[in-house]
Enquirer: 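Okay, here's the structure, questions in a sec.
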There are 2 protein chains.
Amino acid sequence: MDASPTETSGLADLDATSLLVLREIAERGSITAAASALGYSQPALSQQVRRAEARAGVALVERTGRGIRLTPAGRVLARHGGAVATALEAARGELADLRGLRSGRVRLMAFPSASPSIVPEFMAEMARRHPGVRVSFVEAEPPEAVAAVREDRADLALTFSYPGDHTDPHRESARGLEVTTIGSDPMHVVLPDTHPLAGGDTVDLAGLSREPWIAGCPRCRGHLLELCDTAGFAPRIAVETDNFVAVEELVASGLGVAVLPALAIESAGKRAGVAVRGTTNGDRRTLHLVTARGGRGVPAVAVAAEALARLVAGRGGTPADPRPGRTIEGDV
Amino acid sequence: MDASPTETSGLADLDATSLLVLREIAERGSITAAASALGYSQPALSQQVRRAEARAGVALVERTGRGIRLTPAGRVLARHGGAVATALEAARGELADLRGLRSGRVRLMAFPSASPSIVPEFMAEMARRHPGVRVSFVEAEPPEAVAAVREDRADLALTFSYPGDHTDPHRESARGLEVTTIGSDPMHVVLPDTHPLAGGDTVDLAGLSREPWIAGCPRCRGHLLELCDTAGFAPRIAVETDNFVAVEELVASGLGVAVLPALAIESAGKRAGVAVRGTTNGDRRTLHLVTARGGRGVPAVAVAAEALARLVAGRGGTPADPRPGRTIEGDV
DNA sequence: CATCGATCATAAGCCAGCCTTATGTGAAGG
DNA sequence: CCTTCACATAAGGCTGGCTTATGATCGATG
């Protein structure tokens with residue numbers, strides 16, 4: 001019995017637009033002015049006020065002679081409309097920064113042999129062209145890099161795959177991620193420069209069937225086995241190490257031969273006593289970029305991906321298809 | 001040449017709803033949950049996100065396995081969505097307070113003879129039933145009270161008018177305001193209790209045509225002249241004062257007779273030696289409430305108006321028509 | 001490995017909110 | 001008194017946005 005008769009529950013729902021409209025009216029002093037400021041016709045605003053009043057259940061404006069003035073309730077909405085406008089403006093600004101690459105962040109993961117070659121160039125390029133974008137880098141083998149993207153510990157993964165690789169991280173484990181092929185990296189044979197086959201431009205692996213082999217990381221080892229299988233033999237693996245410098249050292253010492261990706265060789269530096277030759281088949285590994293599905297919609301990630309693709313292409317890797325990412329559909 | 005290819009002007013327009021949607025998604029962790037929280041279907045939100053992305057020109061969410069996660073841009077919107085939600089909530093709260101009369105303000109202006117009678121009762125009533133509403137009061141003659149409402153120096157004016165009053169503030173000057181008649185106040189003849197006509201229940205003014213008269217404020221004086229004119233004579237005005245106590249004193253001293261509104265007599269208190277009688281014609285003045293057009297939509301003003309109408313009716317003034325205010329259309 | 005459940009995307013269709021143009025009304029000002 | 005200005009109202013049309021229905025994908029479970 002204490003409540004006034006005006007007390008209904010109402011408050012159907014007050015929308016943010018109403019606040020903005022009232023704010024504009026309060027600032028301009030008239031509906032007409034507010035309407036043109038907002039790009040609407042005068043009746044449009046008039047109706048919006050009416051609707052807002054219906055929703056609020058209170059008068060928001062009252063007519064005064066030729067114009068209007070706000071009621072206390074109207075002033076309340078106008079006041080809070082200021083906060084809404086501020087929030088909108090701030091959001092717009094930050095969004096523009098992100099879009100304009102004046103801010104943003106890219107967390108890159110890339111395979112080890114990219115660390116000394118592609119990655120520094122990439123980071124320099126990003127720093128030069130988009131100084132507002134923070135770039136971080138963590139070295140990781142492809143499977144972990146892909147997992148990191150999936151778990152949002154990275155935005156972009158630079159990975160590689162071998163043809164026919166059945167533990168290929170881009171097959172099963174990349175489901176739901178976006179994978180773009182950005183080029184390839186030639187596989188080179190590393191052998192002592194005293195080796196008879198070191199004389200030619202390219203080397204046929206079959207000619208090395210009797211040599212002891214030096215294998216790398218598990219997946220590299222798998223690739224080696226496949227290459228040799230194609231060449232018609234099973235390699236005798238004498239040493240396993242993923243240290244590229246060590247591989248060359250071992251080769252120079254005549255303890256075996258190896259197949260290494262060009263990037264790995266580059267990263268290890270030139271080593272006296274070893275010869276590096278392409279394979280007769282022109283074997284290559286393929287380089288990929290992996291992002292979350294839709295991740296390319298993030299401007300900083302998009303430009304980072306483009307920069308990496310450009311760098312890889314400029315390095316002589318087979319230029320990939322156009323840039324749009326392609327989702328793994330179960331079969332690569 | 002420095003700008004990235006993503007840099008277009010865009011930012012078509014980002015609406016507040018998008019911020020709220022993103023906020024809800026960020027909080028609930030999924031589109032589906034956010035949709036049901038907001039009372040929409042899942043595709044509705046899905047489409048809203050898509051539209052927001054189109055407007056923003058950036059991806060806002062990215063798919064991750066079975067669910068989604070927000071991109072940096074999405075998180076930006078969600079964050080600012082918090083501010084919008086806060087503002088909305090605050091506005092809703094204040095609005096509810098106004099509607100529920102837990103807050104508000106009423107600035108009342110009323111004619112002098114209401115000050116000691118109606119107004120205190122009114123203020124007590126308001127304090128009792130709506131303690132959250134602040135009530136202020138300024139005494140003013142009707143013309144000034146009406147002007148105050150027009151100039152937003154008052155929310156509510158309690159005024160009176162005399163029948164046929166051509167300087168009636170509710171005629172010309174009340175254009176564009178809302179005027180409600182809430183009752184009337186009987187006009188009483190004040191004469192020495194020794195006067196021959198003091199014997200009857202009512203007095204015929206014609207019987208007082210020879211008496212000296214005591215007139216009040218200018219408008220009251222006009223009314224007096226009209227009453228006497230109707231009775232067929234022109235009064236001889238001996239004194240003019242708008243001090244009611246003085247009037248009774250003068251009457252008691254035998255210096256003249258007067259016509260005063262009941263409220264004025266009540267406010268002056270009982271005075272020995274004077275008789276108060278109704279007129280034969282039952283003359284009355286009419287009491288009005290004046291607000292800005294639409295002012296009755298303000299809850300505090302509405303209840304104040306109702307309270308005043310109730311008080312006047314309870315006091316024996318002719319109960320007015322139902323409460324809805326009626327706008328002056330040029331002719332009262 | 002196959003099925004189920006959960007989540008999001010897409011498609012199609014429908015409704016209504018909302019805007020626009022045109023016109024009316026009241027008030028202020030010359 | 002007539003013009004000007006601001007808001008209200010009316011009528012109509014369009015499109016944004018919601019709903020239902022269905023598809024696709026991934027994770028989990030047995």
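Chain letters run A, B, ... following the sequence lines, proteins first, then strands; residues in each count from 1.
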Enquirer: Once you round it to whole Å, what is the distance between C1' of C/dT7 and CD of B/Glu62?
Expert: 16 Å

Enquirer: Who pairs with B/Asp97 by salt bridge (Lys or Arg N to Asp or Glu O under 4.0 Å), at least two apart in sequence or on another chain?
Expert: B/Arg102

Enquirer: Between P on C/dT7 and CZ on B/Arg63, what's the gap in Å once rounded to a whole number?
Expert: 11 Å

Enquirer: If I take atom CZ in residue B/Arg51 and atom C1' in nucleotide C/dA9, what distance separates them, rounded to the nearest angstrom?
Expert: 14 Å

Enquirer: May I ask you to list the residues of residues 15-41 of chain A, by number, that have any heavy atom positioned under 4.0 Å from an atom of DNA chain D?
Expert: A/Ser30, A/Ile31, A/Thr32

Enquirer: Nearest whole Å is fine: how far is C/dC8 C1' from B/Glu53 CD?
Expert: 12 Å

Enquirer: Mind calculating the distance between CG (A/Leu177) and C1' (D/dG27) to the nearest angstrom?
Expert: 14 Å

Enquirer: Just the table, please: protein N/O against nucleotides 3-5 of chain D N/O, every pair under 3.5 Å.
Expert:
none

Enquirer: On DNA chain C, does the nearest nucleotide to A/Thr64 precede the nearest nucleotide to A/Gln42 from the 5' side, or the other way round? Give the residue.
Expert: A/Gln42

Enquirer: Taking the side chain as everything from C-beta on, heavy atoms only, tell me whether B/Leu177 gets closer than 4.5 Å to A/Glu62.
Expert: no

Enquirer: Which pairs would a plain distance check flag for residues 137-149 of chain B, meaning a side-chain donor or acceptor within less than 3.5 Å of a matching protein atom at least two apart in sequence or in another chain?
Expert:
| unit_1 | atom_1 | unit_2 | atom_2 | d |
| --- | --- | --- | --- | --- |
| B/Glu139 | OE1 | B/Ser115 | OG | 2.5 |

Enquirer: Say you draw a straight line from CD1 of A/Ile25 to OG1 of A/Thr32; how long is it, rounded to the nearest 0.5 Å?
Expert: 9.5 Å

Enquirer: Measure the distance from CG on A/Leu45 to C1' on D/dA6 and round it to the nearest whole Å.
Expert: 13 Å

Enquirer: Side chain of B/Arg293, heavy atoms from C-beta onward: which of C/dC8, C/dT20, C/dA27 has the nearest atom to it?
Expert: C/dA27

Enquirer: Reckon A/Gln47 touches a base, only the sugar-phosphate, or nothing at all at heavy-atom distances under 4.0 Å?
Expert: base

Enquirer: Figure out the CZ/P separation between A/Arg55 and C/dG17, and round it to whole Å.
Expert: 9 Å

Enquirer: Among all residues two or more places apart in sequence or in another chain, which pass the salt bridge (Lys or Arg N to Asp or Glu O under 4.0 Å) test with A/Arg23?
Expert: A/Glu27

Enquirer: Using ring pair (Phe, Tyr, Trp, His ring centres under 6.0 Å) as the criterion, list what pairs up with A/His223, not counting sequence neighbours.
Expert: A/Tyr162

Enquirer: Return the value, rounded to whole Å, for the distance between atom CD of A/Gln48 and atom P of C/dT20.
Expert: 10 Å

Enquirer: Can you check whether A/Thr159 reaches A/Met109 side chain to side chain, under 4.5 Å on heavy atoms?
Expert: no

Enquirer: Would B/Arg219 and B/Phe111 count as a cation-pi pair here, with the cationic atom under 6.0 angstrom from the ring centre and within 45° of the axis?
Expert: no

Enquirer: Short question: side chain of B/Arg99, backbone of A/Ala56 - any donor-acceptor pair under 3.5 Å?
Expert: yes

